Amino acid sequence: MRLSRYFLPVLKETPSEAQIVSHRLMLRAGMIRQEAAGIYAWLPLGFRVLKKVEQIVREEQERAGAVELLMPTLQLADLWRESGRYDAYGPEMLRILDRHEREMLYGPTNEEMITEIFRAYVKSYKSLPLNLFHIQWKFRDEQRPRFGVMRGREFLMKDAYSFDLDEAAARRAYNRMFVAYLNTFARMGLKAVPMRADTGPIGGDLSHEFIILADTGESQVFCHKDLVEMGAPGTEVDWDDLQAHVDQRTGLYAATEEMHDQARFEAEVPAEQRLSARGIEVGHIFYFGEKYSRPMKAVVAGPDGAERPVHMGSYGVGVSRLLGAIIEAGHDENGIVWPEAVAPFDIGLVNLRPGDAACDAACDHAYAALRAAGREVLYDDTDERPGGKFARMDLIGLPWQLVIGPKGLADGTVEIKRRSTGERHSASLESVLSRLAA
RNA sequence: CGGAGUGUGGCUCAGUCUGGUAGAGCACCGCGUUCGGGACGCGGGGGUCGCAGGUUCGAAUCCUGCCACUCCGACCA
């Protein structure tokens, strides 16, 4: 993409409403624009990252056996009356009347609708297990939206819903999502720690929040240090038996502030292994059994022919929130430092002297060669001064910067800079191109 | 939803206390000089000062009401 033809409205100064670093950097890098409290337009650069994050989430859901569909944002109130949540949800739910004065709502989540879809078609245990997911915009009318996309009112969420014949099978479904989440966040360069979460009235031990450690995180968390560096199980696992991977992690202490038990923490974790830090919740998985299937009559026939409510679980990832979390975890004083997997472009190509024949020729050659190699390149062909170009490239945080200018070309060299380390090297254009194309 | 604030050009803000022809820097447009880590000169465009009432000869400024947004707290992917 040629920058002169792109839409990248970067800001030199920080808009006054932004208090945390990810919000400031997303505004300054021209990724988002606030249209109302907690409601954002995704500008081209931010949209590219959003799509990359979404795609990683999608791929790992599918790898774990979940099947994608897409449910609407608007739902009928009557559906929510079946579960009793239309009245229970409160003012966080955005309620809408259509022209026929029919009560509708902008979905904050989709348990009711997915249960309605399931019960309409699935009648036999032979169709199980089943896990359906979608990636769709949600609206929760937060009393106090803040922190940019970290706590918006409108946000993009991946929500998956599992259906199983009994609790034992539901636990296997739960484990698949547990491992899928670890793999998902690892692919984005994040160290996510699963932490025991409140299960509410259902009880049991099947609910975990996935927390990204970041100094600017919203909540205080406590865990065994080994969990942070444990890494993800990876994709070459037995998806039908993941209990050992789950046990390895749930066996170590990890709790958010509301679930924290200091006495247990000190009893279970040696002092030098105790970690107390700030964290961001990016995922939440939950087993809730028959909570919706029973009132909404989502039943299947078992092997004995008798109908029984299915056991369900739901599994959420805050896709738009993840962008904030990734930036909180990866930035420096100059701007964003994207992990390569989600960077909006792989390479920033900087032409220091557009209009100079040698510079233009070298840049055009590099641009074509890198694109032919399948790399995504943002080519800064603007006539801005070098300092501004460097600052802008550092701000938007592409993994590599290829700098071509008249002085280097006079010696037959160009400069390559790695954003994450700040390392700069000069080399011939061809050697740099072969390295970047690999 | 309780508490505290802020609304002046695209952005950051001054001006409001003490009423008198709307300002600065950045950004933008034109010309020129420049060009390897956010250049400089000259010229130029852009704002019914959040909205609605009121007071006054005269309101960005004073009064009343409303709206929006931000921050601190209680709640959430």
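These numbers were taken from a predicted model, which means no experiment stands behind them. The chains referred to below are lettered A, B, ... by the order of the sequence lines, with proteins before strands, and numbering in each begins at 1.
Side-chain N/O atoms of A/Gln143 include none lying less than 4.0 angstrom from OP1 or OP2 on B/G2. Taking 4.0 angstrom as the limit, A/Lys389 places none of its side-chain polar atoms (N or O) nearer than this to OP1 or OP2 of B/G37. For the OP1/OP2 pair of B/A39 and a distance below 4.0 Å, the side-chain nitrogens and oxygens of A/Arg385 include at least one atom meeting the criterion.
By the 30° and 60° cut-offs, the orientation of the rings of A/His260 relative to A/Phe222 is parallel. Using a 30° and 60° split on the angle between ring planes, A/Tyr367 and A/Tyr379 fall in the tilted class, from 30° to 60°.
Across B/C72, B/G36, B/A77, the shortest atom-to-atom separation from the side chain of A/Arg146 is found for B/C72. Of the candidates B/G37, B/U12, B/C76, B/G37 carries the atom nearest the A/Arg424 side chain, counting heavy atoms from C-beta on.
In a base pair of the Watson-Crick type (N1 to N3 plus N6-O4 or O6-N4) or a G-U wobble (N1-O2 and O6-N3), with each distance short of 3.5 Å, B/U64 is matched with B/A52. Of the nucleotides present, B/G25 is the one that pairs with B/C11 by Watson-Crick or G-U wobble criteria, both distances under 3.5 Å. In this structure B/G58 sits in no base pair that meets the Watson-Crick or G-U test at under 3.5 Å. Pair check for B/U18 finds none; no Watson-Crick or G-U wobble contact set falls under 3.5 Å. Across all strands shown, B/U70 forms a Watson-Crick or G-U wobble pair, both distances under 3.5 Å, with B/A4.
Between the P atom of B/G38 and the CD1 atom of A/Ile396 lies a distance of 18 Å, rounded to the nearest Å.
Counting non-hydrogen atoms under 4.0 angstrom, A/Gly90 reaches nothing in the nucleic acid. Within the 4.0 angstrom heavy-atom criterion, no nucleotide atom of any strand lies near A/Asp159.
Under the 3.5 Å distance criterion, with hydrogens and angles disregarded, no donor-acceptor pair is assigned to the side chains of A/Arg119 and A/Tyr292.
An aromatic stack links A/Phe155 and the base of B/A77, using centre distance under 5.5 Å and interplanar angle under 30°.
Between A/Met259 and A/Tyr253, the shortest heavy-atom contact is O-OH, 4.3 Å.
The residue among A/Arg353 and A/Gly283 whose nearest nucleotide of RNA chain B lies closer to the 5′ end is A/Arg353. Looking at which nucleotide of RNA chain B each of A/Gly388 and A/Pro145 is closest to, the 5′-most match is held by A/Gly388.
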Starting from the C-alpha separation in whole Å, work towards a yes-or-no answer on ring-ring contact (aromatic ring centres under 6.0 Å, His included) for A/Tyr174 and A/Tyr287. CA-CA 7 Å; A/Tyr174 185 92; A/Tyr287 165 73; 7.7 Å; no
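Remark: the separation of the C1' atoms in B/A24 and B/C71 is 27 Å, to the nearest Å.
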